[in-house]
Student: 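Take a look at the following structure, please.
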Amino acid sequence: MSEKTIFKRIIDGEIPANVEHDDEHCLAFHDVSPQAPTHVLVIPKKEIASVDAISQADAALLGHMWVVIGKIASELRLGDGYRVVVNCGKDGGQTVDHLHFHILGGRSLSWPPG
Ligand code: AMP
C-alpha cells in the first residue's frame, strides 16, 4: 500500500493542524506556509488524489465543499474578495497528492498567476 499523504495524516489526527472547519465530509485548516494573510486549505476526507481523480460519484461531495468554502470565506471576513485555487499535477504545481482547494485572501491578488 502506498504511503499516507501528509493530508491523510492530518485527517487521521496523526499530525496537528490549525483547523477552521471539520465535518463528516471535509476538513479545512490553515496552510503552514501562507501565501496571503488568509490561506486555508479545504480537503475531502475521502482520499482523492487530484482533480484528475474526481468521478461522478464525487459530485455531491464537491458541491458540499464549495458550500463550505463560501462559509469559511464569510467567517474569515473575506468580503472584499478572495481566490480559490486548485493545483493539479506537476505543471499545475501540486505538491500533495490529496485533492485540496486553497482559499487565499486578505490582500489584493495579482493576475495572471505565475
Ligand atoms: P499544493 O502545492 O497545491 O499541492 O499545495 C500544498 C499546500 O500544502 C502548500 O501550500 C503547503 O504549504 C501546504 N502544507 C503542506 N504541509 C502542510 C501541513 N502539515 N499543514 C498545513 N499545510 C501544509
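Order of appearance sets the numbers: ligands from 1, and atoms from 1 within every ligand.
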Student: Distance under 4.0 Å to a non-hydrogen atom of Gln94: what atoms of ligand 1 satisfy this?
Tutor: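 It comes down to these atoms of ligand 1: 4 (O).
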Student: Tell me, please: is Ala17 in heavy-atom contact with ligand 1, that is, under 4.0 Å?
Tutor: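 The answer is no, since Ala17 has no heavy atom less than 4.0 Å from ligand 1.
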Student: Nearest 0.5 angstrom please: Leu41 CG to His30 NE2, how far?
Tutor: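 Reported to 0.5 Å precision, the distance equals 10.0 Å.
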Student: Out of Asn18, Thr5, Thr95, Asn87, whose heavy atom is nearest to atom 6 (C) of ligand 1?
Tutor: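 Nearest option to atom 6 (C) of ligand 1, by heavy atoms: Thr95.
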Student: Look at the rings of His102 and His39 and say which category their plane angle falls in: under 30° parallel, 30 to 60° tilted, over 60° perpendicular.
Tutor: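 Tilted: the ring planes of His102 and His39 meet at 30° to 60°.
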Student: Looking at atom 9 (C) of ligand 1, what's its closest protein heavy atom, distance included?
Tutor: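 The closest heavy atom on the protein side is Asp31 OD2, 3.3 Å.
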Student: With side chain to side chain contact (heavy atoms under 4.5 Å, CB included) as the test, would you mind laying out the steps for Asp22 and Lys45 before giving the verdict?
Tutor: CA-CA 10 Å; Asp22 187 0; Lys45 289 190 173 173; 2.6 Å; yes
Student: Starting from atom 1 (P) of ligand 1, find the nearest protein heavy-atom neighbour and note its residue, name and distance.
Tutor: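 The closest one turns out to be His100 NE2, 3.1 Å.
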Student: Give the contacting part of Gln35 toward ligand 1: side chain, backbone, both or neither, where contact means a heavy-atom distance below 4.0 Å.
Tutor: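 Neither part.
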Student: Please assess Leu78 against Ile103 for the test side chain to side chain contact (heavy atoms under 4.5 Å, CB included), listing each intermediate value before the final yes or no.
Tutor: CA-CA 10 Å; Leu78 299 179; Ile103 303 173; 4.0 Å; yes
Student: Taking non-hydrogen atoms only, is Phe101 closer than 4.0 angstrom to ligand 1 via side chain, backbone, both or neither?
Tutor: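 Neither part.
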Student: Quick check: are there more than 12 heavy atoms from other residues, nucleotides or ligands sitting under 6.0 Å from CG of Asp80?
Tutor: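 Open.
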Student: Is the closest N or O pair between Ile10 and ligand 1 shorter than 3.5 Å?
Tutor: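 N/O-N/O distance under 3.5 Å: no.
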Student: Quick check on contacts: which atoms of ligand 1 are under 4.0 angstrom from a heavy atom of Val96?
Tutor: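 Listed by number with element: 4 (O), 6 (C).
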Student: Start with the C-alpha distance between Met65 and His25, add both sets of side-chain angles, then the distance that settles side chain to side chain contact (heavy atoms under 4.5 Å, CB included), and finish with yes or no.
Tutor: CA-CA 8 Å; Met65 289 177 70; His25 302 292; over 6 Å; no
Student: Pro37 and Gly106: which non-hydrogen atoms are nearest, and at how many Å?
Tutor: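 Shortest heavy-atom contact: CG-O, 3.4 Å.
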Student: Any side-chain heavy atom of Leu61 sitting closer than 4.5 Å to one from Ile48?
Tutor: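 Yes - at least one pair of side-chain heavy atoms lies under 4.5 Å apart.
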Student: Under 4.0 Å from any heavy atom of Leu41, which atoms of ligand 1 are there?
Tutor: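 Every atom of ligand 1 under 4.0 Å from some heavy atom of Leu41: 8 (O), 13 (C), 22 (N).
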Student: Using a 4.0 Å cutoff against the non-hydrogen atoms of Ser33, which atoms of ligand 1 qualify?
Tutor: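 So the answer, numbered in order with elements, is 12 (O).
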Student: For His98 and Ile11: C-alpha separation, side-chain torsions, deciding distance, then whether side chain to side chain contact (heavy atoms under 4.5 Å, CB included) applies.
Tutor: CA-CA 11 Å; His98 184 119; Ile11 291 167; 3.6 Å; yes
Student: What atoms in ligand 1 come closer than 4.0 Å to a heavy atom of His30?
Tutor: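 Contacts of ligand 1 toward His30, numbered from 1: 21 (C).
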Student: Please determine if Ile15 has a nitrogen or oxygen closer than 3.5 Å to a nitrogen or oxygen of ligand 1.
Tutor: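 Such a contact does not occur with ligand 1.
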Student: Can you find a pair of side-chain heavy atoms, one from His21 and one from Val40, that are under 4.5 Å apart?
Tutor: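 The answer is no, as the side chains (C-beta and beyond) never meet within the 4.5 Å cut-off.
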Student: I'd like the name of whichever of Val32, Val85, Ile43, Val40 reaches closest to atom 22 (N) of ligand 1 through any heavy atom.
Tutor: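 Minimum heavy-atom distance to atom 22 (N) of ligand 1 goes to Val32.
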Student: Suppose we measure from atom 8 (O) of ligand 1 to each protein heavy atom; which comes out shortest, and what is that distance?
Tutor: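 Ranked first by proximity to atom 8 (O) of ligand 1 is Phe7 CZ, 3.3 Å.
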